[in-house]
Amino acid sequence: MLLEVKDLYVAVEGTNILKGLNLEIRRGEVHAIMGPNGSGKSTLAKVLAGHPSYEVTKGEIKYDGKDLLDMDPDERAREGVFMAFQYPVEIPGVSNSQFLRLAYNEKMKHTGGEELDPLEFNDLLKEKAKVVEMDSKFFKRSVNVGFSGGEKKRNEILQMAVLDPTLALLDETDSGLDIDALRVVADGVNQLKSEDNGIILVTHYQRLLDYIVPDFVHVLAAGKIVKEGGKELALELEEKGYDWVKAAGN
Amino acid sequence: MSDSEKELTKMSLQAGKETIYKARFQKSIDQADQPDWLKDLRKKAFEYFTENGFPTIRDEEWKYTDVKELAEVDWSEAPAAADGLSQDLANHFAEIETENRVVFVDGVLSSELTNLNETAEGVRIVSFADAFEDQTFKANLSKIVEPDFNGFTALNTAFIDQGVFINVPKNTKINTPIHLVFIGDNETANFTRILYVGETGSEAEIIEHYTRTGDSKYLTNAVVEIALADNAKLVHTRVQRESHSAFHIVTSNTNLGRTSIYDNTNITFGAKLSRHDVNMSFNKEGGEAWIDGLYLVEDGQHTDTHSRIDHRVKNCNSHQNYKGILDGRSRAVFNGKVFVHENASGTDANQSNKNLLLSNDARVDTKPQLEIFNDDVKCAHGATVGQLEEEELFYLLSRGLNEDLARNLLTYGFAEEIINKIEIPLIKKQLDEAVLNRLHARLEA
């Protein structure tokens with residue numbers, strides 16, 4: 001089992017968001033977490049990545065057999081957890097390639113892999129950038145500064161490609177993307193999908209799932225999973241709307 | 001304390017100042033081999049200082065910066081000319097290797113360390129002692145910074161002796177930057193001066209670099225005067241790396257001619273207490289200036305930048321971007337005034353001061369001020385004081401960077417805009433290292 005979430009309760013600034021969530025993910029699987037606004041689906045992604053504003057008040061999370069909640073966010077990242085942000089942060093003054101090489105080498109140091117010098121890393125970056133059809137001119141630019149919404153999301157997937165995570169969390173990666181950008185991003189994720197990793201797609205809309213086909217769909221409402229099924233569940237949701245599952249959850 | 005007691009205390013301080021510098025002044029003026037006009041200028045300035053003393057926190061322009069501590073130090077002895085080169089100084093100097101350099105040690109010109117190689121024809125880079133008969137020198141000295149601007153400029157003017165005069169003739173370009181180095185070695189009060197006159201169409205780059213050999217307590221009280229004629233261009237980088245026990249008070253004024261360009265960057269790392277008055281005036285149309293800065297202070301340091309930019313004529317552009325990084329129990333003051341005078345239509349002025357606090361004990365007082373007396377202008381200003389954004393930090397952590405590295409990276413990113421203006425490799429390297437020693441090594445390794 002890659003990820004086991006058991007009876008998870010999470011609060012933000014004293015407000016309970018997740019209330020007894022259970023989830024299991026195996027390597028090689030793609031899971032979609034769907035739900036209406038405010039259902040707690042982004043909270044789940046952020047808790048898994050270790051965001052400091054989210055407080056786990058009850059429950060446990062096992063990642064690859066280890067206690068995930070015992071690890072700092074940077075440690076989780078080096079252990080192979082990656083979150084693609086809904087709103088990627090701009091970092092003026094730090095180039096994309098410098099930043100990614102630092103992150104890559106931190107992970108290599110941790111896993112006993114080979115650290116790369118700037119030249120070697122540049123070759124790797126060029127190769128990985130093909131996954132999201134990204135021009136090398138973006139390497140020298142400051143991280144996300146002046147990037148369009150679509151470019152930021154592509155940059156997230158480029159980071160995912162470079163860091164090669166074991167558990168990837170895509171937090172509303174489809175939001176704000178036009179159909180062409182969505183296709184590029186989805187193609188990228190499909191190329192990165194493997195037998196060794198697990199992917200969690202957090203999304204409000206079924207649209208993304210036309211391109212990245214999930215093995216399982218979980219529907220979240222009011223901090224709990226209220227319905228689970230295969231990819232056909234997403235289509236059903238699209239047709240019937242979220243009121244239908246909210247009712248089912250009650 | 002009653003009012004009369006306060007008055008008495010004030011008087012005794014005042015009297016104290018007088019005796020501290022009076023003997024030294026008298027000796028200096030008696031021994032000086034200087035023309036009468038200069039001696040007269042100096043005497044008048046000393047009179048002003050005797051009467052007014054140093055500014056105090058009761059003075060609006062000095063209310064956050066108390067110079068009492070330095071005013072009370074007995075710096076009555078004039079520094080001696082550097083006799084031979086101490087090993088400390090030699091070691092220190094090995095790192096400064098630009099081809100054109102003028103070096104002062106404790107405010108005294110060091111011919112041993114000065115090295116002028118590549119200058120274009122007609123360019124004068126001379127010590128004041130060799131400039132007294134020069135008409136351009138005479139026409140400009142003490143005309144750009146008024147001696148009675150404050151007690152410090154008065155005292156500096158009273159002690160005019162050592163200084164460097166740079167005169168770049170018409171349509172002449174100097175290709176190698178002129179590196180002016182001021183080294184604090186012994187515990188003395190140093191009164192140095194720079195006078196730069198760029199004639200029509202001239203072009204040059206100067207680096208004004210204050211540094212130290214150790215941790216001694218000294219005073220740098222300098223005045224920098226810059227006159228740029230029509231179409232003249234000057235890149236002026238100022239790096240302040242004084243000892244952390246030192247006091248550093250400098251006033252720099254620049255006058256710009258028609259369509260002249262002045263690009264000024266001020267980097268502040270050093271001194272226990274530093275104050276920089278940086279003033280600039282557009283006197284003819286079409287000029288453009290950048291007055292940028294980065295101050296990076298840590299526990300026990302106080303830095304104050306006061307700036308005044310005067311748009312007196314039409315169609316000039318000024319840009320001011322000051323950034324501050326404060327750690328430990330440190331304090332920074334920024335006061336930036338932009339005056340757009342009645343005739344100055346078509347002015348484009350922007351001013352920004354952003355501060356990053358790395359500790360809860362640091363404090364910033366920032367006050368950008370615009371005063372506009374013309375409607376046809378484009379002006380913007382703003383100031384911020386903040387800490388590293390939690391969301392930015394989390395983003396870096398979520399990519400596997402440890403917290404120290406993530407904080408360093410964000411801090412560097414904050415300062416990078418200013419650091420990147422510095423193109424001289426030696427200075428840039430020192431800067432990078434000072435801002436982010438470890439990160440630098442990791443990025444470039």
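Note: hydrogens, waters and symmetry copies are ignored here, and every other heavy atom, side chains too, is used. Proteins come first, then strands; the chains are lettered A, B, ... in the order of their sequence lines, and each starts at number 1.
Counting heavy-atom pairs closer than 4.5 Å to chain B, the top-ranked of the candidates A:Pro165, A:Ser142, A:Ala77 is A:Ala77. In terms of non-hydrogen atom pairs under 4.5 Å with chain B, the most contact-rich of A:His51, A:Lys107, A:Met83 is A:His51. Between chain B and the residues A:Val81, A:Val94, A:Leu163, A:Leu100, the most heavy-atom pairs under 4.5 angstrom are made by A:Val94. Interface remark: of the candidates B:Leu396, B:Asn420, B:Leu410, B:Leu396 forms the most heavy-atom pairs closer than 4.5 Å to chain A.
The salt bridge (charged side-chain N to carboxylate O under 4.0 Å, His left out) contacts involving residues 56-73 of chain A comprise A:Lys6-A:Glu60, A:Asp7-A:Lys58, A:Arg27-A:Asp64, A:Lys66-A:Glu79, where partners must be two or more places apart or lie in separate chains. The stretch residues 184-203 of chain A participates, sequence neighbours left out, in no ring pair (Phe, Tyr, Trp, His ring centres under 6.0 Å) pair at all.
Side-chain polar atoms of B:Tyr210 and B:His248 form no donor-acceptor pair below 3.5 angstrom. For the residue pair B:Asn355 and B:Tyr322, no side-chain donor N or O sits within less than 3.5 Å of a side-chain acceptor on the partner.
Interface remark: B:Leu401 contributes backbone and side-chain atoms alike to the contact with chain A (heavy atom separation under 4.5 Å). For B:Glu391, the parts lying near chain A are the backbone and the side chain together; criterion is any non-hydrogen pair under 4.5 Å. For B:Glu403, the part lying under 4.5 angstrom from a heavy atom of chain A is the backbone only. Using a 4.5 Å cut-off between heavy atoms, A:Glu115 makes no contact with chain B at all. With a threshold of 4.5 angstrom between heavy atoms, A:Pro88 approaches chain B through its backbone and through its side chain.
Between A:Tyr87 and A:Glu172, every side-chain heavy-atom pair lies at or beyond the 4.5 Å cut-off.
Using cut-offs of 30° and 60° on the angle between ring planes, the pair A:His31 and A:His218 is parallel.
With values rounded to the nearest 0.5 angstrom, B:Lys421 atom NZ is found 11.5 Å from B:Leu294 atom CG.
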